[in-house]
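Take a look at the structure below.
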Amino acid sequence: MITLAEGLRLPTNGLDYTILALYFIVVLGIGFAAKRSVKTSLDFFLSGRSLPAWVTGLAFVAANLGATEILGMAANGAQYGAYTVHWYWIGAIPAMVFLGLVMMPFYYGSKVRSVPEFLLHRFGPSSHLLSSVIFAVSSVLIAGVNLYAMAIVLQALLGWPQWVAIVIAGFFVLAYITIGGLSSAIYNEVLQFFVILAALIPLTIVGLKRVGGWDGLTDSLNSSHGDAFLTAWKGTGIGEANPLGANWLTIVLGLGFVMSFGYWTTNFAEVQRALSAKNLSAAKRTPLIAAFPKIFIPLVVVVPGLIALVMEPTLGKSKDGLQYNDAIPVLMRDLLPNGVLGIAVTGLLAAFMAGMAANVSSFNTVFTNDIWAAYLKKGREDAYYLKTGRVVTAVGVLIGMGTAFIAASFSNIMNYLQTLFSFFNVPLFVVFIIGMFWKRTSAAAGFWGLLSGTVAAMVNYFWLYKQGIIAIPSDQGANFVSSIVAFVVGALVMFVVTLVTRPKSAESLAGLVYGTRSPGMTELPAEGDDAWYRKPALLGWGAIILAAVCYIPFSF
């Protein structure tokens, strides 16, 4: 297990603890306020599908801006340099736009409560059950990563052993999600988004000033790591060496297409926020609104990782010393005065709760609706499933506590997360994308494509890569390759199985395949949602163009 290096304890005082306590009180207050609106299971799991687009949009980006994002992407910045921006501008924005413009009409229009439930309608119970189990497992594993990240912060703040921090933090999150359901999680995520920025912006500004501004930062890193370290594309030719251990083909296909689209379009922890929107127009705009702040997140996440590398050149050099995961805590210790330090610690705790709540709330929805209610306890009254959802929330948090110790074995938690995404999200994506655009795809093809893609990714990572059968320079490069392997194998299996099995009837595919519409689906926006600046297509293209422009300073 990783422990923080000696001397990393944050110099907090009573002012910092007061700020932290006030934040906890507000979070619990939001939970109790949201409890009054929870009357049915739909209220608990999807906020009654009643939230406006700006709320769900900010919650969408905040759910992803967890402690794993902050600590993990800062670690990536220190380890891989400017190559990390690929995770945002090519590894997030196009997929978020695709989700809003293409996939949300299918998700929201079919009135499903979860991503696996869509597979039930499109492919049948076998694919539905398999995807539900896969998603439930991945949710608690990722929730454990958030708990471990929280443990790092609390250990630095209070000096507690990591297992104590994991248990206490887990029970706190359990309290506010159980009280108010998804509404509590979403409104807290909106609050957490602004608290996180209030923590990261001062940290970045003070850090840049300490290292001599942007010119001082680039001069230091160019002299110590070479001039390619601060470029996004230099050295990514096939056969060339770079810190990321990936070439342009694996970046574009592995990260930019397969892994990115696999995560953003099928990860229910994100899609759930859009499904809670008040109408189809708001649901489509949810990921598009989130795309704009997502474009600028590297400025306050990746850049601090680069600053930490200049201030602590030994970062990640020794197993017994400072790890890449320590980049943000190092800056907090060395740069921030008391009071501002309290805001920074609160911001990290807010980030943890956003990521943890997103995974726990999606876990309780999928387990209750797609496993318990669908296969184990059918036809019970709604109050029974509402109670079950609260119990499952507690179970999910407890399992997450256990999986937190798995995350502790990785020096860079983002490597661990990307490994999970290649195993679980990419096979889901290939099943979705083929089933959504090819009417002929059969129910059997969905099941075997999902299973074979998952197995292929695991074989590539644990056998071919870890056993040294194929040479891949880094874990991240191996994750990109695993994603491509999962997509190709899953697609080929689906194609072959479809040719030898019977497709579903055209009537049963209405609203589930591109070019078809279900009787209840409407594209008409609600009154007030049809203003030009709210049009989804305009928002989507604007986000893609802005992300492309951001690449220019890092391309040469």
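Each residue takes its place number in the sequence, starting with 1. Any value given below was found using the heavy atoms of this structure, including those in side chains, with hydrogens, waters and symmetry copies removed. Worth saying up front: this structure is predicted, and the values here are computed from it rather than measured.
- Counting heavy atoms from C-beta on, the side chains of V301 and T84 never come closer than 4.5 Å.
- To the nearest 0.5 Å, atom OG1 of residue T250 and atom CG of residue N479 are 11.0 Å apart.
- Using a 4.5 Å cut-off on side-chain heavy atoms (C-beta onward), E189 and L65 make no contact.
- We find the CH2-CG distance between W214 and D219 to be 11.5 Å, quoted to the nearest 0.5 Å.
- Between F429 and F257, the ring planes lie perpendicular to each other; the angle is over 60°, past the 30° to 60° tilted range.
- Relative to the six-membered ring of Y108, R49 meets both conditions, a distance below 6.0 Å and an angle of at most 45° to the axis.
- Counted by atom type alone, Y263 and N267 present one or more donor-acceptor pairs between their side chains at under 3.5 Å.
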Next on the checklist: Could you go through F296 and L546, starting from their C-alpha distance and side-chain angles, then the distance that decides it, and tell me whether this counts as side-chain contact (heavy atoms from CB on, under 4.5 Å)?
Outcome noted: CA-CA 10 Å; F296 298 103; L546 184 57; 3.8 Å; yes
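- The aromatic rings of W89 and Y551 lie perpendicular to each other, with more than 60° between the two planes, well past the 30° mark.
- Considering CZ of F135 and OG1 of T266, their distance stands at 8.5 Å, rounded to 0.5 Å.
- The 12-atom threshold is exceeded at CZ of F292, counting heavy atoms of other residues, nucleotides or ligands nearer than 6.0 Å.
- Classified by interplanar angle (parallel below 30°, tilted 30° to 60°, perpendicular above 60°), the ring pair F60/W264 is parallel.
- When every heavy atom of A199 is checked against every heavy atom of A344, the shortest pair comes out as CB-CA, 3.5 Å.
- Between the side chain of R273 and the backbone N or O of A63 there is no donor-acceptor pair closer than 3.5 Å.
- Within 6.0 Å of the CH2 atom in W248, the count of heavy atoms belonging to other residues, nucleotides or ligands does not exceed 12.
- To the nearest 0.5 Å, atoms CG (L335) and NZ (K209) are separated by 11.5 Å.
- In this structure the side chain of I186 reaches within 4.5 angstrom of the side chain of S276, judged on heavy atoms.
- Here the OG1-CG distance, from T236 to L249, works out to 10.5 Å after rounding to the nearest 0.5 Å.
- Annotation: the span from T286 atom OG1 to E270 atom CD amounts to 11.5 Å, rounded to 0.5 Å.
- The two residues G449 and V431 come nearest to each other via the heavy atoms C-CG2, 4.0 Å.
- Using bins of under 30°, 30° to 60° and over 60° for the plane-to-plane angle, the ring pair Y80/W87 lands in the parallel bin.
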